> 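Handing you a structure now.
Keep in mind that the numbers below use all heavy atoms, side chains included, and drop hydrogens, waters and symmetry copies. Note that ligands are numbered from 1 as they come in the structure, with each ligand's atoms numbered from 1 the same way. One-based numbering along the sequence shown. Only a predicted model underlies this, so the values are computations on that prediction, with no experimental measurement involved.
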Amino acid sequence: MKTTVVKFGGTSLASAAQIEKAVGIVRGSRNRRYMVASAPGKRSGDDIKVTDLLYRCHDLAAAGQDFSETLAAIEQRFADIVRGLGISFDVAAEIAVLREHLQNHPARDYMASRGEYLNAKIIAAFLGWPFVDAAETVFFTETGALDGEKTFRVLGERLAGLDNAVVPGFYGVLPDGTVHTFSRGGSDVTGSIVARAVNAALYENWTDVSGMLSADPRVVDDPRVIDYITYSELRELSYMGASVLHEDAIFPVRQAGIPINIRNTNRPADPGTMIVSRIENGGTSRKVTGIAGRKGFAAIQVEKSMMNAEVGFGARLLNILAENGVSFEHCPTGIDTMSVIVGGEHFAEVKETVLARIREELSPDWLSVEEGLSMIAVVGQGMVNLRGTAARVFKALADENINIRMIDQGSSEMNIIVGVNDTDYEAAIRGIYREMEHLMK
Ligand code: ASP
């Protein structure tokens, strides 16, 4: 039998009604043997995630303040779920453990992890499946990095002995036995780890959207859902701001070639997005996969005559940035000019130091910084041998009367990146989308 690992996100498990939907999906296929659960998320726009309530509880307790109201709100969330599911589960006893913990040296990660812990236990009881605690099967090293080798072995052995199981997402254990969490949204990572540990044929990630969109829906009306995407394309688009999945969720399954299917718990008939290692030749005729972008970059521009003859000039410039903790995004160069595009936020803090160092060490003829740049990436493996894609991007921008500030084509030819002013960002994305839409089919 092929094994599918299913992970449900916070909105998919926010209430008894949502959990029933998720369980219906799990029961819909016998392949869905292992489930990874998030903590209950928001039931509506103005609701608060249980994880946020737990952090708040911890912070109040750590500051010696009264946390009883927040803890009562958490208890209420779980009590409502248990009542709605019609199971017997002693929520009060679990909350008593947390109260006790909060009164004596509360630990932040431990508290945060209890949303996943309790939700997974409740869902396991409802499904009649064993609960496998991530604190016994997901291991971190002393520095807080995932200990993949040990985790895949121990978790794999544990699950191999079970037909089914529910595993809480988001946390694991440090070598000293304390609970440690991934960064926010980390249940995606747990799902990927479980899929890898059991060598699943598929990792289904159930959320509240019908897959990854080919552009930001806040900018483009009704963008297409991406049906297939490779891990590399996903990396490019995510880096530029499109997000459906925790960044670290890709590596465990990618190494093992396990595809990820992003699905919508509220629209289970939608096929969602398949994330795969490679799209076989002829697998799709699509040329462009998606468009994404981010605002707030800065360009450092340096000019020096005979720069091209000065060995090590670029290296020294980049070194100055590295010394100040600034990583560079792009680096288009001319004969006697060099621009370095950097992320705006951190750079703003160290800008004066960086500029002073460049003047001192490189004695440029001209040095300037332009802020307020947006980077827009058009991504698609299908563009590799296609002629005229760049021309289309430039035409779209010319039609919108938008000035292009920078052009970069990734070395893989899988993306074209253009820089425009932040004020032109939305119009640029819309224009490029319109021009490229027929290549996305
Ligand atoms: N509950 C955690 C969070 O809110 C982890 C997750 O949902 O993936 O970040």
> Of all the non-hydrogen atoms in the protein, which one sits nearest to atom 7 (O) of ligand 1, and at what distance?
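The protein heavy atom lying closest is Ser38 OG, 3.2 Å.
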> What is the nearest protein non-hydrogen atom to atom 6 (C) of ligand 1, stated with its residue, atom name and distance?
Ser187 OG, 3.4 Å
> Nearest protein heavy atom to atom 2 (C) of ligand 1, by residue and atom, and its distance?
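For atom 2 (C) of ligand 1, the nearest protein heavy atom comes out as Glu116 OE2, 3.5 Å.
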> Check whether the ring centres of Phe140 and Tyr171 lie less than 6.0 Å apart, and answer yes or no.
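When the ring centroids of Phe140 and Tyr171 are compared, they turn out to be at least 6.0 Å apart.
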> Does an N or O anywhere in Gly10 fall below 3.5 Å from an N or O of ligand 1?
no
> Which residue holds the protein heavy atom closest to atom 4 (O) of ligand 1, what is that atom called, and what is the gap in Å?
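Checking every protein heavy atom, the shortest distance to atom 4 (O) of ligand 1 gives Arg184 NH2, 2.9 Å.
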> For Asp80 and Gln76, test the side chains for any donor-to-acceptor distance below 3.5 angstrom and give the result as yes or no.
yes
> Taking the ring of His101 and the ring of Tyr110, is the distance between their centroids below 6.0 Å?
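For Tyr110 and His101, the ring centres are under 6.0 Å apart.
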> Centroid separation under 6.0 Å, is that true for the rings of Tyr117 and Phe131?
yes
> Heavy-atom contact check, 4.0 Å cutoff: does Gly115 meet ligand 1?
no
> Is any side-chain N of the basic residue among Arg30 and Asp163 closer than 4.0 Å to the acidic one's carboxylate O?
no
> Does Gly169 come within less than 4.0 angstrom of ligand 1, counting non-hydrogen atoms of the residue?
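Gly169: no contact with ligand 1 (<4.0 Å).
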> Closest heavy-atom contact between Ser374 and Lys295?
OG-CG, 3.4 Å
> Report the part of Lys49 in contact with ligand 1, treating N, CA, C, O as backbone and CB onward as side chain, heavy atoms under 4.0 Å; options are side chain, backbone, both, neither.
side chain
